[in-house]
There are 2 protein chains.
Amino acid sequence: MPRRRASHSMESVITEAVAILDEAGSAALTFRALAGRLGGGVASIYWYVDNKEELLDRATDHVIGDVLGDIARREATEDPIEDLRTSAVMLFDAVTARPWLASYLLRNTDLQPNALRLYEHLGQQVMRLDLPPRETFHALSAVIGYVIGTAADLGQQPPAEVLEGQTTREEYLGRYAERWRESDPQDYPFLHYVVEEFDGHQDADQFSAGLDLVLAGLRLQADR
Amino acid sequence: MPRRRASHSMESVITEAVAILDEAGSAALTFRALAGRLGGGVASIYWYVDNKEELLDRATDHVIGDVLGDIARREATEDPIEDLRTSAVMLFDAVTARPWLASYLLRNTDLQPNALRLYEHLGQQVMRLDLPPRETFHALSAVIGYVIGTAADLGQQPPAEVLEGQTTREEYLGRYAERWRESDPQDYPFLHYVVEEFDGHQDADQFSAGLDLVLAGLRLQADR
DNA sequence: CTATCGTATCGAACGTCGTTCGGTAGTCGA
DNA sequence: TCGACTACCGAACGACGTTCGATACGATAG
(Lines give C-alpha, C1' and ligand atoms only; values in the text may rest on other atoms or scores of the structure.)
Protein backbone atom coordinates (compact mmCIF):
# COMPACT_ATOMS: atom_id res chain seq x y z
CA MET A 1 0.00 0.00 0.00
CA PRO A 2 1.53 3.23 -1.19
CA ARG A 3 2.10 6.14 1.18
CA ARG A 4 -0.51 8.86 0.88
CA ARG A 5 0.54 12.27 -0.38
CA ALA A 6 1.02 14.93 2.23
CA SER A 7 -1.57 17.65 2.60
CA HIS A 8 -0.64 21.17 3.61
CA SER A 9 -2.33 24.47 4.21
CA MET A 10 -1.22 28.08 4.34
CA GLU A 11 -1.77 27.96 8.07
CA SER A 12 0.49 24.95 8.64
CA VAL A 13 3.19 26.27 6.32
CA ILE A 14 3.44 29.59 8.17
CA THR A 15 3.14 28.01 11.60
CA GLU A 16 5.95 25.56 10.94
CA ALA A 17 8.09 28.29 9.41
CA VAL A 18 7.70 30.33 12.59
CA ALA A 19 8.51 27.27 14.66
CA ILE A 20 11.78 26.76 12.81
CA LEU A 21 12.69 30.43 13.16
CA ASP A 22 11.98 30.31 16.89
CA GLU A 23 13.83 27.09 17.53
CA ALA A 24 16.90 27.56 15.41
CA GLY A 25 17.08 31.11 14.09
CA SER A 26 16.73 32.58 10.65
CA ALA A 27 19.60 30.68 9.07
CA ALA A 28 17.80 27.41 9.77
CA LEU A 29 14.72 28.32 7.78
CA THR A 30 15.29 26.68 4.43
CA PHE A 31 12.71 25.31 2.06
CA ARG A 32 14.11 21.85 2.53
CA ALA A 33 13.98 22.04 6.31
CA LEU A 34 10.44 23.35 6.15
CA ALA A 35 9.37 20.67 3.69
CA GLY A 36 10.89 18.00 5.90
CA ARG A 37 8.94 19.29 8.88
CA LEU A 38 5.74 19.33 6.88
CA GLY A 39 6.45 15.80 5.70
CA GLY A 40 6.25 16.78 2.05
CA GLY A 41 8.28 17.88 -0.93
CA VAL A 42 10.18 21.12 -1.36
CA ALA A 43 8.30 22.32 -4.39
CA SER A 44 4.93 22.06 -2.65
CA ILE A 45 5.70 25.12 -0.57
CA TYR A 46 5.84 27.16 -3.75
CA TRP A 47 2.16 26.59 -4.22
CA TYR A 48 1.53 28.74 -1.13
CA VAL A 49 4.34 31.27 -1.46
CA ASP A 50 6.00 32.78 -4.49
CA ASN A 51 9.44 32.96 -2.94
CA LYS A 52 11.32 33.07 0.32
CA GLU A 53 10.74 36.77 0.77
CA GLU A 54 7.01 36.21 0.83
CA LEU A 55 7.44 33.34 3.25
CA LEU A 56 9.33 35.60 5.64
CA ASP A 57 6.83 38.42 5.24
CA ARG A 58 3.94 36.12 6.03
CA ALA A 59 5.75 34.56 8.98
CA THR A 60 6.57 38.00 10.34
CA ASP A 61 3.06 39.29 9.91
CA HIS A 62 1.67 36.18 11.54
CA VAL A 63 3.47 36.80 14.81
CA ILE A 64 2.90 40.55 14.60
CA GLY A 65 -0.78 39.70 14.53
CA ASP A 66 -0.40 38.02 17.91
CA VAL A 67 1.61 40.92 19.29
CA LEU A 68 -1.00 43.36 18.06
CA GLY A 69 -3.69 41.28 19.74
CA ASP A 70 -1.87 41.40 23.05
CA ILE A 71 -1.28 45.12 22.75
CA ALA A 72 -4.81 45.99 21.71
CA ARG A 73 -6.28 43.88 24.49
CA ARG A 74 -4.85 46.18 27.10
CA GLU A 75 -7.19 48.90 28.30
CA ALA A 76 -6.26 52.49 27.70
CA THR A 77 -5.43 54.70 30.65
CA GLU A 78 -6.03 58.42 30.78
CA ASP A 79 -2.40 59.09 29.87
CA PRO A 80 -1.64 58.56 26.15
CA ILE A 81 2.09 58.57 26.72
CA GLU A 82 1.80 55.91 29.39
CA ASP A 83 -0.20 53.81 26.96
CA LEU A 84 2.36 54.38 24.26
CA ARG A 85 5.04 53.31 26.69
CA THR A 86 3.22 50.10 27.53
CA SER A 87 2.76 49.24 23.88
CA ALA A 88 6.36 50.03 23.07
CA VAL A 89 7.62 47.76 25.84
CA MET A 90 5.37 44.93 24.68
CA LEU A 91 6.61 45.31 21.13
CA PHE A 92 10.20 45.37 22.34
CA ASP A 93 9.71 42.23 24.41
CA ALA A 94 8.17 40.44 21.46
CA VAL A 95 11.08 41.35 19.20
CA THR A 96 13.81 40.40 21.66
CA ALA A 97 12.08 37.10 22.25
CA ARG A 98 12.29 36.52 18.50
CA PRO A 99 15.50 38.12 17.24
CA TRP A 100 14.64 37.27 13.65
CA LEU A 101 11.61 39.56 13.77
CA ALA A 102 13.49 42.83 13.79
CA SER A 103 15.12 42.54 10.40
CA TYR A 104 11.97 41.59 8.57
CA LEU A 105 9.75 44.02 10.39
CA LEU A 106 11.78 46.87 8.99
CA ARG A 107 10.56 45.95 5.54
CA ASN A 108 7.14 47.58 5.32
CA THR A 109 5.46 45.76 2.55
CA ASP A 110 1.99 45.11 1.31
CA LEU A 111 2.25 41.60 2.62
CA GLN A 112 2.29 42.73 6.23
CA PRO A 113 -1.21 44.01 6.98
CA ASN A 114 -0.86 43.39 10.70
CA ALA A 115 2.24 45.56 10.79
CA LEU A 116 0.14 48.34 9.29
CA ARG A 117 -2.56 47.78 11.90
CA LEU A 118 0.04 47.93 14.64
CA TYR A 119 1.36 51.17 13.17
CA GLU A 120 -2.17 52.55 13.16
CA HIS A 121 -2.79 51.45 16.73
CA LEU A 122 0.35 53.13 18.03
CA GLY A 123 -0.46 56.17 15.92
CA GLN A 124 -3.88 56.52 17.52
CA GLN A 125 -2.26 56.81 20.91
CA VAL A 126 0.03 59.55 19.67
CA MET A 127 -2.99 61.32 18.16
CA ARG A 128 -4.47 61.75 21.61
CA LEU A 129 -1.70 64.24 22.34
CA ASP A 130 -3.47 66.68 19.99
CA LEU A 131 -0.35 67.60 18.10
CA PRO A 132 -0.57 68.78 14.46
CA PRO A 133 -0.26 66.08 11.77
CA ARG A 134 3.38 66.80 11.10
CA GLU A 135 4.46 66.51 14.73
CA THR A 136 2.24 63.48 15.21
CA PHE A 137 3.82 61.73 12.25
CA HIS A 138 7.32 62.52 13.38
CA ALA A 139 6.66 61.50 16.96
CA LEU A 140 5.45 58.04 15.98
CA SER A 141 8.33 57.63 13.56
CA ALA A 142 10.75 58.45 16.37
CA VAL A 143 9.22 56.00 18.82
CA ILE A 144 9.06 53.16 16.31
CA GLY A 145 12.55 53.88 15.04
CA TYR A 146 13.84 53.71 18.56
CA VAL A 147 11.97 50.55 19.51
CA ILE A 148 12.76 48.52 16.41
CA GLY A 149 16.29 49.82 16.15
CA THR A 150 17.17 49.11 19.73
CA ALA A 151 15.51 45.72 19.62
CA ALA A 152 17.44 44.82 16.48
CA ASP A 153 20.64 45.90 18.16
CA LEU A 154 20.14 44.27 21.53
CA GLY A 155 18.38 41.25 20.13
CA GLN A 156 21.27 40.06 18.01
CA GLN A 157 22.17 36.46 18.36
CA PRO A 158 25.06 36.18 20.81
CA PRO A 159 27.94 34.02 19.56
CA ALA A 160 27.39 30.33 19.24
CA GLU A 161 28.96 29.56 22.61
CA VAL A 162 26.17 31.26 24.49
CA LEU A 163 23.49 29.61 22.38
CA GLU A 164 24.97 26.21 23.07
CA GLY A 165 24.95 26.88 26.77
CA GLN A 166 28.70 26.65 27.14
CA THR A 167 28.84 30.22 28.37
CA THR A 168 26.36 32.40 30.16
CA ARG A 169 25.37 35.82 28.95
CA GLU A 170 27.01 37.29 32.03
CA GLU A 171 30.36 35.73 31.27
CA TYR A 172 30.12 36.89 27.70
CA LEU A 173 29.33 40.44 28.79
CA GLY A 174 32.04 40.24 31.42
CA ARG A 175 34.69 39.31 28.89
CA TYR A 176 33.71 42.29 26.79
CA ALA A 177 33.84 44.52 29.84
CA GLU A 178 37.28 43.16 30.62
CA ARG A 179 38.51 44.30 27.26
CA TRP A 180 37.10 47.75 27.93
CA ARG A 181 38.96 47.88 31.21
CA GLU A 182 42.18 46.93 29.50
CA SER A 183 41.93 49.79 27.03
CA ASP A 184 43.93 52.95 27.58
CA PRO A 185 41.99 55.29 29.91
CA GLN A 186 43.56 58.25 28.13
CA ASP A 187 42.14 57.22 24.78
CA TYR A 188 38.92 55.70 26.04
CA PRO A 189 37.70 57.71 29.05
CA PHE A 190 34.06 57.05 28.22
CA LEU A 191 34.46 53.28 28.15
CA HIS A 192 36.04 53.39 31.58
CA TYR A 193 33.39 55.75 32.91
CA VAL A 194 30.52 53.43 32.01
CA VAL A 195 32.12 49.99 32.07
CA GLU A 196 30.65 49.05 35.43
CA GLU A 197 27.21 49.88 34.09
CA PHE A 198 27.84 47.91 30.96
CA ASP A 199 29.05 44.85 32.83
CA GLY A 200 26.04 42.85 33.89
CA HIS A 201 23.47 45.30 32.56
CA GLN A 202 20.01 44.13 31.57
CA ASP A 203 18.92 44.84 28.02
CA ALA A 204 15.39 45.56 29.15
CA ASP A 205 16.59 48.24 31.58
CA GLN A 206 18.71 49.83 28.92
CA PHE A 207 15.79 49.91 26.54
CA SER A 208 13.42 51.23 29.14
CA ALA A 209 15.70 54.09 30.15
CA GLY A 210 16.16 55.16 26.55
CA LEU A 211 12.44 54.96 25.91
CA ASP A 212 11.88 57.28 28.86
CA LEU A 213 14.18 59.77 27.21
CA VAL A 214 12.21 59.71 23.96
CA LEU A 215 8.89 59.93 25.74
CA ALA A 216 10.09 62.76 27.98
CA GLY A 217 10.93 64.70 24.85
CA LEU A 218 7.53 63.90 23.41
CA ARG A 219 5.72 64.97 26.58
CA LEU A 220 7.64 68.21 26.55
CA GLN A 221 6.44 68.88 23.03
CA ALA A 222 2.86 67.93 23.80
CA ASP A 223 2.63 70.22 26.83
CA ARG A 224 3.96 73.19 24.98
CA MET B 1 53.76 34.36 -23.15
CA PRO B 2 51.64 33.31 -20.17
CA ARG B 3 49.50 35.82 -18.33
CA ARG B 4 51.00 36.97 -15.06
CA ARG B 5 49.27 36.04 -11.81
CA ALA B 6 47.23 38.71 -10.15
CA SER B 7 48.53 40.39 -7.04
CA HIS B 8 46.20 41.61 -4.33
CA SER B 9 46.39 43.28 -0.95
CA MET B 10 44.10 43.63 2.04
CA GLU B 11 43.60 47.24 1.05
CA SER B 12 42.47 46.44 -2.49
CA VAL B 13 40.25 43.58 -1.38
CA ILE B 14 38.35 45.73 1.09
CA THR B 15 38.20 48.73 -1.21
CA GLU B 16 36.73 46.71 -4.05
CA ALA B 17 34.29 45.00 -1.70
CA VAL B 18 33.03 48.40 -0.58
CA ALA B 19 32.80 49.50 -4.22
CA ILE B 20 30.58 46.54 -5.07
CA LEU B 21 28.40 47.16 -2.03
CA ASP B 22 28.02 50.81 -2.97
CA GLU B 23 27.29 50.20 -6.60
CA ALA B 24 24.99 47.23 -6.44
CA GLY B 25 23.97 46.56 -2.86
CA SER B 26 24.75 43.78 -0.46
CA ALA B 27 23.29 40.98 -2.55
CA ALA B 28 25.84 41.72 -5.26
CA LEU B 29 28.84 41.14 -3.04
CA THR B 30 29.84 37.57 -3.79
CA PHE B 31 33.29 36.08 -3.70
CA ARG B 32 33.08 35.44 -7.41
CA ALA B 33 32.08 39.00 -8.22
CA LEU B 34 34.83 40.33 -5.99
CA ALA B 35 37.41 38.01 -7.52
CA GLY B 36 36.35 39.06 -10.99
CA ARG B 37 36.81 42.69 -10.07
CA LEU B 38 40.22 42.02 -8.63
CA GLY B 39 41.13 40.10 -11.76
CA GLY B 40 42.00 36.99 -9.83
CA GLY B 41 40.65 33.70 -8.56
CA VAL B 42 37.97 33.17 -5.95
CA ALA B 43 40.10 31.25 -3.51
CA SER B 44 42.69 34.02 -3.30
CA ILE B 45 40.34 36.16 -1.25
CA TYR B 46 40.41 33.52 1.48
CA TRP B 47 44.02 34.31 2.09
CA TYR B 48 42.94 37.74 3.40
CA VAL B 49 39.69 36.87 5.17
CA ASP B 50 38.52 33.70 6.84
CA ASN B 51 34.96 33.94 5.62
CA LYS B 52 32.31 36.28 4.32
CA GLU B 53 31.39 37.52 7.77
CA GLU B 54 34.90 38.82 8.26
CA LEU B 55 34.85 40.42 4.82
CA LEU B 56 31.69 42.32 5.74
CA ASP B 57 33.04 43.32 9.13
CA ARG B 58 36.21 44.69 7.58
CA ALA B 59 34.32 46.50 4.84
CA THR B 60 31.99 48.03 7.41
CA ASP B 61 34.78 49.11 9.69
CA HIS B 62 36.66 50.57 6.76
CA VAL B 63 33.93 53.05 5.92
CA ILE B 64 33.16 53.70 9.59
CA GLY B 65 36.76 54.79 9.84
CA ASP B 66 36.07 57.48 7.24
CA VAL B 67 32.88 58.53 8.97
CA LEU B 68 34.67 58.76 12.28
CA GLY B 69 37.33 60.88 10.67
CA ASP B 70 34.74 63.31 9.34
CA ILE B 71 32.97 63.46 12.68
CA ALA B 72 36.11 63.90 14.75
CA ARG B 73 37.40 66.62 12.45
CA ARG B 74 34.56 68.92 13.44
CA GLU B 75 35.36 71.29 16.26
CA ALA B 76 33.39 71.03 19.45
CA THR B 77 31.05 73.84 20.42
CA GLU B 78 30.22 74.81 23.98
CA ASP B 79 26.99 72.79 23.82
CA PRO B 80 27.54 69.02 24.15
CA ILE B 81 24.05 68.21 22.97
CA GLU B 82 24.51 70.31 19.86
CA ASP B 83 27.73 68.43 19.16
CA LEU B 84 26.00 65.13 19.73
CA ARG B 85 23.32 66.23 17.32
CA THR B 86 25.84 67.11 14.64
CA SER B 87 27.59 63.77 15.01
CA ALA B 88 24.31 61.86 14.95
CA VAL B 89 23.23 63.57 11.74
CA MET B 90 26.57 62.82 10.10
CA LEU B 91 26.32 59.18 11.09
CA PHE B 92 22.76 59.03 9.81
CA ASP B 93 23.74 60.56 6.49
CA ALA B 94 26.57 58.09 6.10
CA VAL B 95 24.29 55.14 6.75
CA THR B 96 21.49 56.26 4.43
CA ALA B 97 24.06 56.85 1.71
CA ARG B 98 25.11 53.22 2.18
CA PRO B 99 22.04 51.19 3.13
CA TRP B 100 24.12 48.06 3.59
CA LEU B 101 25.99 49.64 6.49
CA ALA B 102 23.16 49.56 8.98
CA SER B 103 22.76 45.81 9.22
CA TYR B 104 26.43 45.09 9.71
CA LEU B 105 27.04 47.97 12.06
CA LEU B 106 24.62 46.43 14.52
CA ARG B 107 26.99 43.53 14.97
CA ASN B 108 29.45 44.75 17.59
CA THR B 109 32.44 42.59 17.04
CA ASP B 110 36.12 42.61 17.71
CA LEU B 111 36.76 43.09 14.06
CA GLN B 112 35.30 46.59 14.08
CA PRO B 113 37.72 48.75 16.05
CA ASN B 114 36.60 51.94 14.34
CA ALA B 115 33.04 51.29 15.44
CA LEU B 116 34.32 51.13 19.00
CA ARG B 117 36.20 54.40 18.52
CA LEU B 118 33.07 56.01 17.15
CA TYR B 119 31.16 54.76 20.17
CA GLU B 120 33.80 56.25 22.44
CA HIS B 121 33.75 59.55 20.58
CA LEU B 122 29.98 59.93 20.90
CA GLY B 123 30.21 58.80 24.50
CA GLN B 124 32.68 61.54 25.33
CA GLN B 125 30.19 64.13 24.17
CA VAL B 126 27.51 62.64 26.42
CA MET B 127 30.00 62.62 29.31
CA ARG B 128 30.21 66.40 29.14
CA LEU B 129 26.62 66.51 30.46
CA ASP B 130 27.99 65.41 33.86
CA LEU B 131 25.42 62.70 34.37
CA PRO B 132 26.19 59.65 36.52
CA PRO B 133 27.66 56.61 34.71
CA ARG B 134 24.35 54.82 34.55
CA GLU B 135 22.47 57.70 32.96
CA THR B 136 25.39 58.42 30.65
CA PHE B 137 25.44 54.84 29.44
CA HIS B 138 21.70 54.77 28.87
CA ALA B 139 21.68 58.12 27.10
CA LEU B 140 24.25 57.06 24.54
CA SER B 141 22.51 53.74 24.03
CA ALA B 142 19.29 55.59 23.33
CA VAL B 143 20.83 57.96 20.82
CA ILE B 144 22.69 55.23 18.97
CA GLY B 145 19.69 52.95 18.99
CA TYR B 146 17.60 55.69 17.49
CA VAL B 147 20.14 56.68 14.85
CA ILE B 148 21.04 53.21 13.63
CA GLY B 149 17.49 51.92 13.91
CA THR B 150 15.95 54.78 12.02
CA ALA B 151 18.68 54.69 9.40
CA ALA B 152 18.17 50.97 8.91
CA ASP B 153 14.44 51.54 8.56
CA LEU B 154 14.53 54.53 6.26
CA GLY B 155 17.56 53.34 4.38
CA GLN B 156 16.00 50.15 3.10
CA GLN B 157 16.39 49.53 -0.55
CA PRO B 158 13.25 50.69 -2.32
CA PRO B 159 11.81 48.15 -4.73
CA ALA B 160 13.72 47.41 -7.88
CA GLU B 161 11.65 49.80 -9.99
CA VAL B 162 13.00 52.83 -8.17
CA LEU B 163 16.57 51.57 -8.35
CA GLU B 164 16.28 51.08 -12.07
CA GLY B 165 15.04 54.60 -12.48
CA GLN B 166 11.67 53.56 -13.85
CA THR B 167 9.91 55.26 -10.97
CA THR B 168 10.84 58.18 -8.77
CA ARG B 169 10.83 58.01 -5.02
CA GLU B 170 7.97 60.51 -5.01
CA GLU B 171 5.77 58.35 -7.18
CA TYR B 172 6.56 55.36 -5.04
CA LEU B 173 5.70 57.25 -1.87
CA GLY B 174 2.61 58.65 -3.54
CA ARG B 175 1.30 55.24 -4.43
CA TYR B 176 1.69 54.17 -0.82
CA ALA B 177 -0.08 57.31 0.33
CA GLU B 178 -2.87 56.55 -2.12
CA ARG B 179 -3.43 53.23 -0.47
CA TRP B 180 -3.59 54.94 2.90
CA ARG B 181 -6.23 57.30 1.59
CA GLU B 182 -8.27 54.41 0.27
CA SER B 183 -8.38 52.73 3.68
CA ASP B 184 -11.46 53.07 5.86
CA PRO B 185 -11.23 56.32 7.89
CA GLN B 186 -13.17 54.64 10.67
CA ASP B 187 -10.61 51.89 11.06
CA TYR B 188 -7.55 53.94 10.21
CA PRO B 189 -8.02 57.48 11.56
CA PHE B 190 -4.33 57.90 12.20
CA LEU B 191 -3.31 57.05 8.64
CA HIS B 192 -5.72 59.66 7.35
CA TYR B 193 -4.57 62.22 9.87
CA VAL B 194 -0.93 62.03 8.81
CA VAL B 195 -1.15 60.90 5.19
CA GLU B 196 -0.44 64.37 3.81
CA GLU B 197 2.71 64.51 5.90
CA PHE B 198 3.74 61.06 4.79
CA ASP B 199 3.23 61.83 1.11
CA GLY B 200 6.31 63.54 -0.18
CA HIS B 201 8.09 63.65 3.16
CA GLN B 202 11.86 63.79 3.35
CA ASP B 203 13.59 61.04 5.30
CA ALA B 204 16.16 63.47 6.63
CA ASP B 205 13.45 65.74 8.06
CA GLN B 206 11.74 62.80 9.68
CA PHE B 207 14.98 61.67 11.24
CA SER B 208 15.89 65.14 12.38
CA ALA B 209 12.55 65.74 14.08
CA GLY B 210 12.78 62.45 15.94
CA LEU B 211 16.34 63.15 16.98
CA ASP B 212 15.19 66.46 18.44
CA LEU B 213 12.72 64.55 20.56
CA VAL B 214 15.39 62.27 21.95
CA LEU B 215 17.79 65.12 22.59
CA ALA B 216 15.09 67.24 24.23
CA GLY B 217 14.52 64.38 26.63
CA LEU B 218 18.23 64.14 27.27
CA ARG B 219 18.59 67.88 27.86
CA LEU B 220 15.72 67.72 30.32
CA GLN B 221 17.52 65.02 32.25
CA ALA B 222 20.85 66.86 32.16
CA ASP B 223 19.39 70.10 33.48
CA ARG B 224 17.66 68.42 36.35
C1' DC C 1 73.43 31.63 -11.36
C1' DT C 2 70.99 28.07 -9.01
C1' DA C 3 68.56 25.79 -5.19
C1' DT C 4 65.47 26.52 -1.67
C1' DC C 5 61.57 28.04 0.95
C1' DG C 6 57.75 30.59 2.65
C1' DT C 7 54.23 33.50 0.57
C1' DA C 8 50.49 34.30 -2.37
C1' DT C 9 47.54 32.69 -6.01
C1' DC C 10 44.29 29.80 -8.32
C1' DG C 11 41.38 25.82 -10.79
C1' DA C 12 38.41 22.61 -9.64
C1' DA C 13 35.44 20.44 -6.79
C1' DC C 14 31.81 19.86 -2.83
C1' DG C 15 27.57 20.53 -0.52
C1' DT C 16 23.66 23.60 0.19
C1' DC C 17 20.71 26.99 -1.09
C1' DG C 18 16.42 29.14 -3.73
C1' DT C 19 13.93 28.22 -7.63
C1' DT C 20 11.76 25.89 -11.87
C1' DC C 21 9.67 22.36 -14.60
C1' DG C 22 7.05 18.54 -16.01
C1' DG C 23 4.37 15.23 -14.45
C1' DT C 24 1.01 12.95 -11.33
C1' DA C 25 -2.10 11.68 -7.49
C1' DG C 26 -6.28 13.11 -5.48
C1' DT C 27 -10.99 15.07 -5.70
C1' DC C 28 -15.25 16.33 -7.54
C1' DG C 29 -19.04 17.60 -10.64
C1' DA C 30 -21.21 16.05 -14.97
C1' DT D 1 -16.82 6.72 -16.12
C1' DC D 2 -14.72 10.57 -17.42
C1' DG D 3 -12.36 14.69 -17.83
C1' DA D 4 -10.75 19.02 -15.38
C1' DC D 5 -8.96 21.35 -11.78
C1' DT D 6 -6.33 21.42 -7.51
C1' DA D 7 -2.50 20.27 -4.79
C1' DC D 8 1.64 17.93 -4.55
C1' DC D 9 6.38 16.33 -5.59
C1' DG D 10 11.08 14.29 -7.76
C1' DA D 11 14.62 15.86 -10.11
C1' DA D 12 17.25 19.13 -12.01
C1' DC D 13 19.62 23.96 -12.55
C1' DG D 14 22.57 27.65 -11.53
C1' DA D 15 24.69 30.41 -7.92
C1' DC D 16 26.51 30.64 -3.64
C1' DG D 17 30.26 30.01 0.35
C1' DT D 18 33.92 27.23 1.25
C1' DT D 19 37.91 23.77 0.89
C1' DC D 20 41.88 21.45 -1.05
C1' DG D 21 45.92 20.55 -3.36
C1' DA D 22 48.84 22.21 -6.78
C1' DT D 23 51.80 25.84 -8.35
C1' DA D 24 53.79 30.33 -9.59
C1' DC D 25 56.32 33.99 -7.55
C1' DG D 26 59.98 36.66 -4.89
C1' DA D 27 63.41 36.78 -1.62
C1' DT D 28 67.23 34.63 0.38
C1' DA D 29 71.26 31.55 0.80
C1' DG D 30 74.96 28.98 -1.24
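Below, each value reflects all heavy atoms present in this structure, side chains not excepted, and no hydrogens, waters or symmetry copies. Letters go in sequence order (proteins before strands), and every chain restarts at 1.
In this structure, OH of Tyr48(B) is placed 19 Å from C1' of dG17(D), rounded to the nearest angstrom. Here the P atom of nucleotide dA24(D) and the CZ atom of Arg5(B) are 7 Å apart, to the nearest Å. A straight line from CZ of Phe31(A) to P of dG10(D) spans 16 Å, rounded to a whole angstrom. Between the P atom of dT18(D) and the CG atom of Asp50(B) lies a distance of 10 Å, rounded to the nearest Å. The interatomic distance linking Leu29(A) (CG) with dT19(C) (P) rounds to 11 Å, in whole Å. In this structure, Glu54(B) places its CD atom 15 Å from P of dG17(D), rounding to the nearest Å. Spacing between atom CD of Glu53(B) and atom P of dG17(D) amounts to 13 Å, rounded to whole angstrom units. Distance His8(B) NE2 to dC25(D) P: 14 Å, rounded to the nearest Å.
Residue Thr30(A) places its side chain closer to dC17(C) than to any other of dC16(D), dT7(C), dC17(C).
Defined by atom type and a distance below 3.5 Å, a donor-acceptor pair is present between the side-chain atoms of Glu120(B) and Gln124(B). No side-chain donor-acceptor contact under 3.5 Å links Asp199(A) and His201(A). One side chain, Asp57(A) or Gln112(A), offers a donor N or O that lies under 3.5 Å from an acceptor on the other. With no hydrogens or angles considered, a side-chain donor-acceptor pair links Ser208(B) and Arg85(B) at under 3.5 Å. For the residue pair Ser9(A)/Ser12(A), the side-chain donor-acceptor check at 3.5 Å is satisfied.
Against DNA chain C, the stretch residues 32-42 of chain A makes heavy-atom approaches under 4.0 Å through Arg32(A), Val42(A).
Ring-centre distance between Phe207(A) and Tyr146(A): below the 6.0 Å cut-off. Taking the six-membered ring wherever Trp is involved, the centroid distance between the rings of Tyr188(B) and Trp180(B) does not fall below 6.0 Å.
Residue-to-nucleotide proximity on DNA chain C shows that, of Ala43(A) and Ala27(A), the 5′-proximal contact is made by Ala27(A).
Base contact: Ser44(A) has a heavy atom under 4.0 Å from a base atom.
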